[in-house]
Enquirer: 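Pasting in a structure now, in structure tokens, and then I'll have a few things to ask.
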There are 2 protein chains.
Amino acid sequence: MSDERDFLDSYDPAAYTPVAVTVDVVALTIRHSRLHVLLVERGAHPFAGWWALPGGFVQQESLDAAARRELAEETGLRSGEGLLDRVHLEQLRSYGDPGRDPRMRVVSVAYLAFAPSLPDPQSGGDASGARWVPVDEVGELAFDHAAILADGLDRARAKLEYTPLATAFVGDEFTIGELRAVYAAVWGEELHAGNFHRKVLSVPGFVESTGETSTRGGERGGPKPRLYRAGDARLLHPALLRPTREDGVR
Amino acid sequence: MSDERDFLDSYDPAAYTPVAVTVDVVALTIRHSRLHVLLVERGAHPFAGWWALPGGFVQQESLDAAARRELAEETGLRSGEGLLDRVHLEQLRSYGDPGRDPRMRVVSVAYLAFAPSLPDPQSGGDASGARWVPVDEVGELAFDHAAILADGLDRARAKLEYTPLATAFVGDEFTIGELRAVYAAVWGEELHAGNFHRKVLSVPGFVESTGETSTRGGERGGPKPRLYRAGDARLLHPALLRPTREDGVR
DNA sequence: TAAATAGTGTCTTTGAGACACTATGAC
DNA sequence: GTCATAGTGTCTCAAAGACACTATTTA
């Protein structure tokens, strides 16, 4: 069949410029009550020695699969072991400015990943220079990765408001206090414990009780909190809005 | 310099599979109080004779520029004439499943465009078979374009809630009634005129008064409505929520 | 005991939505 | 006149947030 020939004949020769497609992953987790992002140290030029988002070329697989594969490679986690499969992964957006990679035209499809606290990397991955970095300690990054990270953080902060995404940062069973710590870490501000508690329980389908309580109180005292699981809601109604930040960007 | 050689050596040969990058545009406008999308009729295989979203290959330009260029080509509008420059354009998401195009691996970056009522196409574009179609009359589309359109509509409906996007569908000066018609067309349901009126005026920065009134009343009577311009808000606070649809997807 | 936390009660304020009503202008 | 629309008033109910308070647990 001459389909591909027709295809290639049908557009402007300028389009023949070779293009590479990569995925980059903004992987977020919470450690010690602080939001962390997974970064890798680049070995090769350009930006050798710089920190960058994990990522790589898309192979013969879907974009989603490429992102999950890259995440597995950089964290050393294997599919089927449970941990990796519970990571929430969603497409963020694509970045394709000419010149964003000095070598050739590269269009990168960025992904956003949310995970419960994961072990340190290097345990088997091919990027030995990978580590979790608190998002407020991230310095300059290679390529346009700083902008991608900023977009990812914006998205994450917004999605906590109207989706039950926060449950992706905690284990299967969790306390309301742990859930509140997720919001505090991602939004960077404390939330009123009492009102948060009531609010979470009042949103239909956000969490469901396990009937159990934690075996221990908090580290610094307090009663044994009850345990909850994620509910079946995919959107929060009414939403859990952020403390009003100057009433929107004007 | 051997940079590009290093680059190409550094990844799996499977990645050498040639990839093409395209942009596809979900262009929405409102005509006669109904939401329309711009479609083009395909001339070449595959899907010859099918309707599809306008789009094409990314050239040596940014992704945003490619989307605006494709939109200009298909609508016949020229940049600099004003109309095209006022079209709101934003990236939707990317689609790259292997097999979505039967000829080769194609990753498409989809864009969403919102425009005030535009003239019919064919007036100079290279796609003579382009036309505006009411979204509820769109049949099967080529490739995965039906899914892209559905995602675009979801995004548009959601963004009306918390951004002043509706003003992108009307002219520079508009009445509250016209704005309400935009919401009604995009959401597919009537809104209570009185409550909508008060709500729009109560959101800081959504609209600002021009001090003028329309020169004529409505087609079927009524007083001369006041005229407004878009305000400087980029987010609506509080948001203008849709009439509650079954309280979220569960 | 002191301090921190879980969970609940209550009050105030804001906003959403239902409904009603007046005034205006096209036909 | 008739009818649709613009714009406002008012009432009710839900929800957000401030604050207070009790009970429980750790150190």
Side-chain angles (χ1 to χ4, degrees), chain A residues 33 160-162 170 173-184 187 189-204 206-207 209-228 235-245 247-248, chain B residues 33 160-162 170 173-184 187 189-207 209-228 233 235-245 247-248:
Chain A
S33 300
L160 283 203
E161 290 192 327
Y162 57 93
V170 294
E173 302 197 337
F174 51 87
T175 69
I176 303 294
E178 287 168 352
L179 200 59
R180 180 163 47 85
V182 171
Y183 278 90
W187 285 349
E189 35 190 338
E190 291 308 311
L191 283 88
H192 185 287
N195 289 338
F196 181 87
H197 192 102
R198 184 183 12 231
K199 171 70 184 175
V200 167
L201 295 186
S202 78
V203 176
F206 190 2
V207 300
S209 174
T210 65
E212 309 287 306
T213 63
S214 172
T215 55
R216 255 185 70 87
E219 294 179 13
R220 284 170 306 214
K224 293 172 180 146
R226 297 176 196 156
L227 289 174
Y228 296 86
L235 291 173
L236 304 184
H237 271 284
L240 220 154
L241 298 179
R242 267 172 281 193
T244 33
R245 16 148 177 80
D247 253 24
Chain B
S33 301
L160 283 202
E161 291 192 326
Y162 57 93
V170 293
E173 303 196 336
F174 52 86
T175 68
I176 303 293
E178 287 168 353
L179 199 60
R180 181 163 47 85
V182 171
Y183 278 90
W187 286 349
E189 34 191 338
E190 291 309 312
L191 283 88
H192 185 286
N195 289 337
F196 180 87
H197 191 103
R198 182 185 13 227
K199 170 70 185 175
V200 167
L201 296 185
S202 76
V203 176
F206 191 3
V207 301
S209 174
T210 65
E212 309 287 306
T213 64
S214 173
T215 54
R216 256 185 68 87
E219 293 180 13
R220 284 171 303 215
K224 293 174 181 149
R226 298 175 196 157
L227 290 174
Y228 297 86
L235 291 173
L236 304 184
H237 271 285
L240 220 156
L241 299 179
R242 267 173 281 193
T244 32
R245 15 152 179 76
D247 250 28

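Lettering of chains follows the sequences in order, A, B, ..., and the numbering in each one begins at 1.
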Enquirer: For L179(B) and dA6(D), what is the distance between atoms CG and C1' respectively, to the nearest whole Å?
Expert: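 L179(B) atom CG is separated from dA6(D) atom C1' by 14 Å.
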Enquirer: In Å, rounded to the nearest 0.5 Å, how long is the span from CG of L227(A) to CD of E173(A)?
Expert: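 Taking CG in L227(A) and CD in E173(A), the distance rounds to 5.5 Å.
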Enquirer: Does R220(A) make a side-chain N or O approach to OP1 or OP2 of dT26(D) shorter than 4.0 Å?
Expert: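 So the side chain of R220(A) is outside the cut-off, no N or O lying under 4.0 Å from OP1 or OP2 of dT26(D).
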Enquirer: Holding to ring-ring contact (aromatic ring centres under 6.0 Å, His included), I want the full list of residues that pass it with Y162(A), two or more places apart in sequence or in another chain.
Expert: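 Once residues adjacent in sequence are excluded, Y162(A) has no partner under the ring-ring contact (aromatic ring centres under 6.0 Å, His included) criterion.
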Enquirer: Could you check how far CD of E178(A) sits from P of dA4(C), rounded to whole Å?
Expert: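 Going from E178(A) (CD) to dA4(C) (P), I get 20 Å.
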Enquirer: What is the distance, rounded to the nearest whole Å, between atom CZ of R180(A) and atom C1' of dA4(C)?
Expert: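 Between C1' of dA4(C) and CZ of R180(A): 11 Å.
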Enquirer: Checking R198(B) now: which residues fulfil side chain to side chain donor-acceptor pair (under 3.5 Å) with it, not counting sequence neighbours?
Expert: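 Listed in chain order: N195(B).
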Enquirer: Heavy atoms, side chains only, cut-off 4.5 Å: are F206(B) and L179(B) in contact?
Expert: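 Touching, per the 4.5 Å side-chain cut-off.
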Enquirer: Does any part of the side chain of L240(B), heavy atoms only, come nearer than 4.5 Å to the side chain of V203(B), both counted from C-beta?
Expert: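 No - every pair of side-chain heavy atoms lies 4.5 Å or more apart.
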Enquirer: So with a 6.0 Å cut-off around CD of E190(A), is the heavy-atom count from everything else above 12?
Expert: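 Check fails, neighbour count at 12 or below.
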Enquirer: Starting at the 5' end of nucleotides 7-16 of chain D, put B wherever the base has a protein heavy atom under 4.0 Å, S where only the sugar-phosphate does, and a dash everywhere else.
Expert: SBBB-----S
